[in-house]
Amino acid sequence: MILKKCAKKYLSKAVNFVLLQSNIVVIYRIGRAIGDQVCMTSVVRFLSEQYSFKVVVISSYPMIFDHNPYVWKLIDANKFGGYLVRFLRFLSGGQIENFLFKEQGVPFVDFMRNDGSELHLVQAHSLHFNNEINHKKIINQLFLTDQEIEQCRIKFNLPKRFSIIQPNAKATYTPNKQWALKNFQKVVGLREDIHWVQVGGENEYLLDHVDDLRGETTLRELFYLISKAEFVLANEGLLNHIASAFNTMSYVIFSGFSGMKLASYSNTIGFVSANVCEKSPCWLLEECGVEGKPCLSTIKPESVADKIV
């Protein structure tokens, strides 16, 4: 064990020294959190602009970083299985950073609940970086080619003016972000002047009176739709992070699960209850159990519909 620790220390130090001398930084995120990896594009830009590093990106969703001018080299993590994670952790150091919250002995949700309410997700996942980042203006970075845009235009054949709606929160992470589906339906009914397009998984709940594109888009096609939409309306999550990259107006239902600052961008218009419980932000991954869930139930669909321009 002691020999292994010594080998790790010196090999990591040597590799990171060579990377620094070559002006290279490696940033990686491996896993199923798509929104987090969209957020990683902000940090890629920061590292490129603030340090002039050549940035190597390793991601489980490399298509997020396709055609990104701030990326020097792009590596698909899926080609290497679990061995890549072990290898990167073994070599981790000042020039090899995991875009994932790290504080010894403190789980992410506990830190965010107690100390991180004023942090954006981009900041939280890069607090531990050796190269300190100025997070002054957080904007995610997604790039589409002219060819992709034309192919999507032909495929979807949407009217010039349309808006994206995604009423289904990611319940596999937490059940505490979901604004009632009937509320989303009420907004659609109140705003019949809007051409609504619903995106998401093919088996997710389908609203009435919307164009149904559930299960019909790749991730990059979703980028296209959001880039061309007048706005998006969704629970706090992936769509809001994508909208940042295209400065598309993003109406977001924020629950008491997390603070608004976690996912607020210059284009974000948040809806948050003034009647949250004393646990907010709770960061509970299990059902909160608070009767009536006031952090969500007191956000009225009429107020949301009225605020949408």
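Just so you know, these numbers come straight off a predicted model, no measurement behind them. Side chains included, hydrogens not; waters and symmetry mates left out as well; all remaining heavy atoms used.
Y251 OH to T268 OG1: the interatomic distance, rounded to the nearest 0.5 Å, is 11.5 Å. Distance check, rounded to the nearest 0.5 Å: CG of L222 to OG1 of T217 gives 5.0 Å. Rounding to the nearest 0.5 Å places CD of E230 at 10.5 Å from OG1 of T248.
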With side-chain contact (heavy atoms from CB on, under 4.5 Å) as the criterion, how do T145 and D66 come out once you've worked through the C-alpha distance, each side chain's angles and the decisive distance to 0.1 Å? CA-CA 9 Å; T145 66; D66 281 348; over 6 Å; no
Applying ring-ring contact (aromatic ring centres under 6.0 Å, His included), run through W283 and Y173 and close with a yes or a no. CA-CA 11 Å; W283 283 93; Y173 179 59; 7.4 Å; no
Working note: T174 + L284, criterion side-chain contact (heavy atoms from CB on, under 4.5 Å); need CA distance, chi angles, decisive distance, verdict. CA-CA 7 Å; T174 177; L284 290 174; 5.7 Å; no
side-chain contact (heavy atoms from CB on, under 4.5 Å) between L206 and V210, intermediate numbers included: CA-CA 8 Å; L206 177 63; V210 299; 3.9 Å; yes
Apply side-chain contact (heavy atoms from CB on, under 4.5 Å) to the pair N131 and Q95, showing each step before the final yes or no. CA-CA 8 Å; N131 297 294; Q95 297 302 110; 3.2 Å; yes
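The aromatic rings of H125 and F99 sit perpendicular, their planes meeting at an angle over 60°, well past the 30° parallel limit.
If you check the side chains of N176 and K293, you find a donor sitting under 3.5 Å from an acceptor. There is no side-chain donor-acceptor pair under 3.5 Å between Q198 and E204. Looking only at atom types and distance, the side chain of S92 has no donor-acceptor partner in the side chain of N98 under 3.5 Å away.
In terms of heavy atoms, L121 sits closest to C39 at CD2-SG, 3.9 Å. When every heavy atom of I269 is checked against every heavy atom of M249, the shortest pair comes out as CD1-SD, 3.8 Å. Scanning all heavy atoms of the two residues, the minimum distance from M63 to R220 falls at O-NH1, 2.7 Å.
L181 and V197 are assigned to two separate hydrophobic clusters, defined by single-linkage of ILVMFWY side chains at heavy-atom distances under 4.5 Å.
Scored by the ring-ring contact (aromatic ring centres under 6.0 Å, His included) test, Y265 finds H120, H241 as partners (sequence neighbours excluded).
Listed by first and then second residue, the side-chain hydrogen bond (donor to acceptor under 3.5 Å, both in side chains) pairs that reach into residues 300-309 are K186-E302, sequence neighbours excluded.
Shown here is E192, whose CD atom has no more than 12 heavy atoms of other residues, nucleotides or ligands within 6.0 Å.
The side-chain contact (heavy atoms from CB on, under 4.5 Å) test with S250 singles out one residue from V232, I164, I226, I242, and that residue is V232.
Proximity of F108 to L100: side-chain heavy atoms (C-beta onward) are nowhere separated by under 4.5 Å. Side-chain contact between F143 and F223 is absent, with no heavy-atom pair separated by less than 4.5 Å. Under the 4.5 Å side-chain criterion, counting only non-hydrogen atoms from C-beta, V304 is not in contact with N183.
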